[in-house]
There are 2 protein chains.
Amino acid sequence: MKRLLRHAHVLTMDAQLSTYEDGALVVEDDSLVYVGPDRDIPPCLLEGCDEELDLSDTVVLPSFINCHTHLGMVAFRTLGDDVADRLKRFLIPLENQCMTEELAVASARLAMAEMQLAGVGAAVDMYFFEVAIAKAAVEMGFRLWAGETLMSAPHCDTVDVAGGLEISRHLISLCMHHPLIVPIIAPHAPYSTSFEELKLAQQLAREQGLLWTMHVSEMDFEMRSFRDVHGTTPIGQLSRLGLLDDSLLAVHCIHATDEDIQLLARSGTSVVHCPGANIKAAKGLARIPVMRDQGVVVGLGTDGPSSGNTLDLFTQMKLYAILHKNELKDRTAIPARSVVPLCTSEAAKMLKSYDRIGSLEVGKRADILVLGLDAPNMVPAYDPYSLIVYSSGVQNVRHVLTNGEWVVRDHRLTRVDLKALRTEFLHIAEPFVAAAKRY
Amino acid sequence: MKRLLRHAHVLTMDAQLSTYEDGALVVEDDSLVYVGPDRDIPPCLLEGCDEELDLSDTVVLPSFINCHTHLGMVAFRTLGDDVADRLKRFLIPLENQCMTEELAVASARLAMAEMQLAGVGAAVDMYFFEVAIAKAAVEMGFRLWAGETLMSAPHCDTVDVAGGLEISRHLISLCMHHPLIVPIIAPHAPYSTSFEELKLAQQLAREQGLLWTMHVSEMDFEMRSFRDVHGTTPIGQLSRLGLLDDSLLAVHCIHATDEDIQLLARSGTSVVHCPGANIKAAKGLARIPVMRDQGVVVGLGTDGPSSGNTLDLFTQMKLYAILHKNELKDRTAIPARSVVPLCTSEAAKMLKSYDRIGSLEVGKRADILVLGLDAPNMVPAYDPYSLIVYSSGVQNVRHVLTNGEWVVRDHRLTRVDLKALRTEFLHIAEPFVAAAKRY
């Protein structure tokens, strides 16, 4: 299969941020074989194309990577958004009593549909029933880092961390070297797993050469409890125990101290920033600009649909830029061109996959987002990065290609019937929704 | 013309926040003649309908009101977003040298198209060439509070405040009692007009029974200069001079002190909050929750497309809720149901037009927004206000009716050809864009 995408304004997101105002991409099977000016396409590549698309009036860039979410939690969306004890009142009891594999998968399908329509071609997931969710991702043509949540307490698909590790090993055996699925080890948080269990998680990641991820320094009670019990911060304690390493994606890090940030930087731990979910929950704003200054690799995440509500990264990019500008009292801070990498190139580096995705370069997988410039909010476009960060929205996502295959064409999903997904979800979710309304 | 809208989940935004899960609306010409349960539509109203629409799987509410923008500034969008001296380097010289009536109108048309597609049926504008912009609004079926900016210094359509007042009077003579256009008096700011000129503006508003609006307490230099020259804040000085009154819409009020807030509340001055534009410019966050607690009426605005980039109020509603939750360290603060009024009922009260718009009630004008629930981000919907504030986006705006006429049907503009608007704008903007690139 050979596809020719012509006459687009191409933002490659390569190391030099190369752009081509009248650019072209040639995709052969799953990979890019040409990225450059349209006029310079080698004649041999013009021959025998299966598809040729004129992308005048578009901006083309790598499709976005959502570095942290919980796909199975669509069922919780808009439940208790403004309620203080939401976690204990709704989330934990409902998850334990009413979450099933069928519902987690139906939720995940809708979540992936939402992301694809929003230009997000890949995500890092932390949820339950992760083997089934990974299978759904394959069906939908979605690139997934699939992490089975590890928790000490009994939960909806197993009773403890040993059970979660068993599911993780099963996932690894099924997905290792899959073109779309990458297993990841996903302990929930340093307060919901023991340190011994965290050691086991880290060990499994190391044995298998995998990434691992967990929530860190997110909760007020977490900070208090680590200070009271261990006399340090969660990040300080993880460091003491050798649990910070360059395969760890630490999510949130809202309350990271100066010393914590040094520990993250020195250990090569990367950080996932979920600004929308964090401030909606009134938890505060992680000091990401300081972390990036010290060399910490950062990606953006939406968090789950019960926390951040939407799974689009336009919102998170805009929030990242404007929240930190205001915090730093400096409108020149966080320029737009430093923001787009957090969903593309830098996110791919965090996932140790920049050799495959995160920029549009020859030899890489074809994960491509086409933004239409036809909508009124896209006019004019003096600066394409400003356009993406400050002006664009989900409504501007015209086409998305993942691993060389269309998943969105002309604002519509190509691989699944959205109406059927939604109907199926609403049917499967009936008992859950009924229970939720009783809480 | 009689239209029957059936089987929608109707949020009336009336004083009781009445909702109808299987609701109906009957629109006769420009007004609502029935709002209530679908099963209770009086049989006489079912007869002789010109149009009947099944709105199952939608949420219907009053279309949004954008309480502050500068429609003519689309030409500046994405220019110098991250630049410190943006105002002096780009905006002022370009506006003085290159802004024409033709360009202001082409900008305004695109801005109104963007708003209609985003569910915004009405706006308060402050710009130049306002007579021509008001005419464009009529053509587009857009409800506009049209304010010619008054500035002491020479500017693109006249040389001083006297000239601006002359244009305002012309606007009043043309638009008084127009069904869609309401003239408003719009001095730019207390630092860019003299106090005598502000008196003239206030006097014209009073004579004609109009609202007036200006930027207040927005800029650091403004605060410093008022402190140094007058020994008080801009709001303090306006109060001393009798320039605060219940017809004034004070825009921004970022730096309002406790005493300022009391002055606003006591005088009945209302406040327009533009959170996105304010924090993008690193100016800080106005203390709106304190103002509302003290009875100040508040509306939301996007500010102009050169400040806030997009003109959709979904973004501003979400920002208002989450920014203030975080500021107040309380996730229960600013619940979603207290946010939607700022773009509907409370905004209409601010505009002294709640007898005509801002809620769906019999006798009011039919300004209606229909949100589709078919997109994946709209599932599920435990709480419709949460859905609107935290989950919805421009892509969910299915239909918009303004003053009883469709302006958006099935995500498309009905009254203008968007492609032609855009082509015309790009042609007219050519000299402006060329000049902008030289700055």
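Naming: A, B, ... by sequence-line order, numbering from 1 per chain. Side chains are part of it too, since the values below use all heavy atoms of this structure and drop only hydrogens, waters and symmetry mates.
- A side-chain donor-acceptor contact under 3.5 Å links B:Arg331 to the backbone of A:Asp81.
- Within the 4.5 Å cutoff, the side chain of A:Asp374 has no heavy atoms near those of the B:Leu418 side chain.
- Residues A:Thr315 and B:Lys318 form a side-chain contact, since some pair of their non-hydrogen atoms from C-beta on lies under 4.5 Å apart.
- With a threshold of 4.5 angstrom between heavy atoms, A:Asp85 does not approach chain B through any atom at all.
- For chain A, the option among B:Ala429, B:Pro384, B:Gly284 with the highest count of heavy-atom pairs below 4.5 Å is B:Gly284.
- Proximity to chain B is absent for every atom of A:Leu421, based on heavy atoms less than 4.5 angstrom apart.
- We find the CG-CG distance between A:Leu319 and B:Leu319 to be 6.0 Å, quoted to the nearest 0.5 Å.
- Contact of the A:Ile279 side chain with the B:Leu323 side chain is registered, since non-hydrogen atoms from C-beta on lie closer than 4.5 Å.
- Contact tally against chain B (heavy-atom pairs below 4.5 Å) for A:Ala75, A:Gly308, A:Ala381: the top residue is A:Ala75.
- If you measure heavy-atom distances from B:Val389 to chain A, you find no contacts under 4.5 Å at all.
- Atom CG of B:Leu387 and atom CZ of A:Arg77 lie 8.5 Å apart (nearest 0.5 Å).
- Note on B:Ala281, B:Ser107, B:Gly80, B:Gly276: by heavy-atom pairs under 4.5 Å with chain A, the leading option is B:Ala281.
- Of the atoms belonging to A:Leu328, not a single heavy atom falls under 4.5 Å from chain B.
- Among A:Asn396, A:Asp383, A:Val397, the residue making the largest number of heavy-atom pairs under 4.5 Å with chain B is A:Asp383.
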Candidate pair B:Asp82 and A:Arg337, rule salt bridge (charged side-chain N to carboxylate O under 4.0 Å, His left out), full reasoning: CA-CA 10 Å; B:Asp82 302 313; A:Arg337 66 179 53 227; over 6 Å; no

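- The contact between A:Phe425 and chain B is made entirely by side chain atoms (from C-beta outward), counting heavy-atom distances below 4.5 Å.
- Among B:Ser392, B:Gly393, B:Ser386, B:Ala336, the residue with the largest count of heavy-atom pairs under 4.5 Å with chain A is B:Ser386.
- For A:Thr78 (side chain) and B:Tyr382 (main-chain N/O), a donor-acceptor pair under 3.5 Å exists by modelled atom type.
- For A:Leu311, no part lies near chain B; criterion is any non-hydrogen pair under 4.5 Å.
- For a residue to count as touching a neighbouring chain, one of its non-hydrogen atoms must lie under 4.5 Å from one of that chain's; by this rule B:Ala321 does not touch chain A.
- Heavy-atom pairs under 4.5 Å with chain B peak, among A:Val379, A:Thr310, A:Val394, at A:Val379.
- Taking CG of B:Asn309 as the start and CD1 of A:Ile322 as the end, the distance is 9.5 Å to the nearest 0.5 Å.
- Interface remark: A:Asp330 contributes backbone atoms only to the contact with chain B (heavy atom separation under 4.5 Å).
- If you measure heavy-atom distances from A:Ala113 to chain B, the contacts under 4.5 Å come from both the backbone and the side chain.
- B:Val74 places a side-chain heavy atom less than 4.5 Å from the side chain of A:Pro380.
- Proximity to chain A is limited to the backbone of B:Lys283, based on heavy atoms less than 4.5 angstrom apart.
- Proximity of a side-chain donor or acceptor of B:Arg422 to a complementary backbone N or O of A:Ala375 within less than 3.5 Å is not detected.
- The environment of A:Glu327 atom CD is sparse: at most 12 non-hydrogen atoms of other residues, nucleotides or ligands sit within 6.0 angstrom.
- In this structure, the portion of B:Ile334 lying under 4.5 Å from any heavy atom of chain A is its backbone and not its side chain.
- Top candidate by heavy-atom pairs under 4.5 Å with chain B, chosen from A:Pro335, A:Ala436, A:Pro305, is A:Pro335.
- Residue contact with chain A, scored on non-hydrogen atoms closer than 4.5 Å, involves the side chain of B:Arg86 exclusively.
- B:His411 is not listed as a side-chain neighbour of A:Gln395, based on a closest heavy-atom distance of 4.5 Å or more.
- Interface residue B:Val83: only backbone heavy atoms are found under 4.5 Å from chain A.
- What you find for B:Asn326 and A:Asn278 is that their closest heavy atoms are OD1-O, 4.4 Å.
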